[in-house]
Amino acid sequence: MTLRPMLAAVLLSVSLGASAQSPVTNARVVPSQVQPNTDAALDERLARDWGLQPEEWARYRQLMQGPLGVYSPNLDPLTALGIEARTDEERRRYAELQVQAEARRVGKTLAYQRAYDAAWQRLFPGQPRVSLPGANAQGAGNTGSGRLAVFVKADCALCAQRVQQLQAAGTAFDLYMVGSRQDDARIRQWATQAGIDPARVRARTITLNHDAGRWLSLGLPGNLPAVVREVNGQWQRQ
């Protein structure tokens, strides 16, 4: 084969190769907008769940990136916005929204507690539930021991901080864990994470107890943690 035919064949082969590859080149992926759209939809749904407008949710997110989020990283949106309210009207609005949200939560909690009680009786009829030393029997009333009762819950940084303050001050108190589901291990794990001194527990200057519905039965306003004491037959926040 002479030089000319060979050169022509090479050029034809290169041309065909380029043509075959061109669809792949033209089919390159364009950056997707799915993730931003998904994030926006999630923010909108979360705002709606809390009864907030999108701009209010955005402000909550912004607040939690500042000092408020450092000091209180687990604050719910309504509490955070209420604390940082710019006007009395805003403060009233968030307080009302929180009262409504709390009422719904309490209703659901009571409904679940009734279902839990029924399940226990159905699955383990006649068997007593596990309780830690210092806990009163469920249904025995809310007569105080004369010292502070501290109600806490899991995933609550403020609860751990309050307990640490009381312990550092040498205060004797009875701790009740809301939502413990009668699980001793949950209370022990929380107490360890909160830095409660085991020696204080052994000496019973601090007792660890299942809440067993006591907090709801007191009917006191506000969120947890709650430090309360019985005064003249009435339970009061301290």
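Along the sequence shown, residues are numbered consecutively beginning with 1. None of the values given here were measured: they were computed from a predicted structure.
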In terms of heavy-atom contacts, C156 and L224 come closest through SG-O, 4.1 Å
Taking the side chain from E90 and the backbone from G82, do they hold a donor-acceptor pair closer than 3.5 Å? no
Backbone of H210 reached by a side-chain donor or acceptor of R214 within 3.5 Å: yes
I need the full list of side chain to side chain donor-acceptor pair (under 3.5 Å) pairs touching residues 155-164, with sequence neighbours left out, sorted by first then second residue. R162-Q165
Do the side chains of Y94 and V99 join up, straight or via other hydrophobic residues, at under 4.5 Å, putting them in one cluster? no
With R122 via side-chain hydrogen bond (donor to acceptor under 3.5 Å, both in side chains) - residues at least two apart: none
With Q238 via side chain to side chain contact (heavy atoms under 4.5 Å, CB included) - residues at least two apart: L148, V227, R229, Q236
Backbone N or O of A149 within a donor-acceptor pair of the D174 side chain at under 3.5 Å? no
d(M177 CE, Q182 CD) to nearest 0.5 Å is 11.5 Å
Applying the side chain to side chain donor-acceptor pair (under 3.5 Å) test to D88, which of R86, R92, R91 qualifies? R91
Correct closest heavy-atom pair for P225 and R237 would be O-NH1, 3.5 Å
Hey, what do you get for OH (Y60) to CG (D43), rounding to the nearest 0.5 Å? 11.0 Å
Is there a donor-acceptor pair under 3.5 Å between the side chain of Q62 and the backbone N or O of W57? no
V201 side chain near I196 side chain, heavy-atom distance below 4.5 Å: yes
Rounded to the nearest 0.5 Å, what separation is found between the CG atom of L63 and the CD1 atom of I83? 10.0 Å
Kindly work out whether a path of hydrophobic side-chain contacts (I/L/V/M/F/W/Y, heavy atoms less than 4.5 Å apart) joins L42 to L52. yes
Strictly below 4.0 Å, N to O, side chains only: are K153 and D211 in salt-bridge contact? no
What residues, two or more places apart in sequence or in another chain, satisfy side chain to side chain contact (heavy atoms under 4.5 Å, CB included) together with A169? T171
Do W50 and L97 come close enough that some side-chain heavy atom pair is under 4.5 Å? no
Please examine the side chains of V228 and V150, heavy atoms only from C-beta on, and report whether any two atoms are closer than 4.5 Å. no
Does R200 form a side-chain hydrogen bond (donor to acceptor under 3.5 Å, both in side chains) with T205? I'd like the steps, not just the answer. CA-CA 5 Å; R200 298 281 305 275; T205 57; 2.7 Å; yes
For R59, what residues pass the side-chain hydrogen bond (donor to acceptor under 3.5 Å, both in side chains) criterion, not counting sequence neighbours? none
Evaluate the side-chain proximity of R188 to D183: yes if any heavy-atom separation is below 4.5 Å, no if none is. no
Kindly compute the distance separating CD1 (I187) from CG (N209), expressed to the nearest 0.5 Å. 7.0 Å
Closest heavy-atom pair, C159 versus W190, reported as atoms and distance to 0.1 Å, is CB-CZ2, 3.9 Å
What residue among F173, W235, W215 forms ring-ring contact (aromatic ring centres under 6.0 Å, His included) with F151? W215
Between E56 and Q53, is there a donor-acceptor pair closer than 3.5 Å when you use the side chain of the first and the backbone of the second? yes
Can you tell me how far apart CG (D197) and CD1 (I206) are? Round to the nearest 0.5 Å. 7.0 Å
What one should report as the nearest heavy-atom pair of E84 and L68 is CG-CD2, 3.9 Å
Residue set satisfying side-chain hydrogen bond (donor to acceptor under 3.5 Å, both in side chains) with R45, at least two apart, ordered chain then number -> D49
Counting neighbours of CZ on R93 that are heavy atoms of other residues, nucleotides or ligands and sit closer than 6.0 Å, is the number greater than 12? yes
Around E55, counting heavy atoms of other residues, nucleotides and ligands shown, do more than 12 lie under 6.0 Å from its CD? yes
Looking only at non-hydrogen atoms, find the nearest pair between A101 and L78 and report the distance. CB-CD1, 4.3 Å
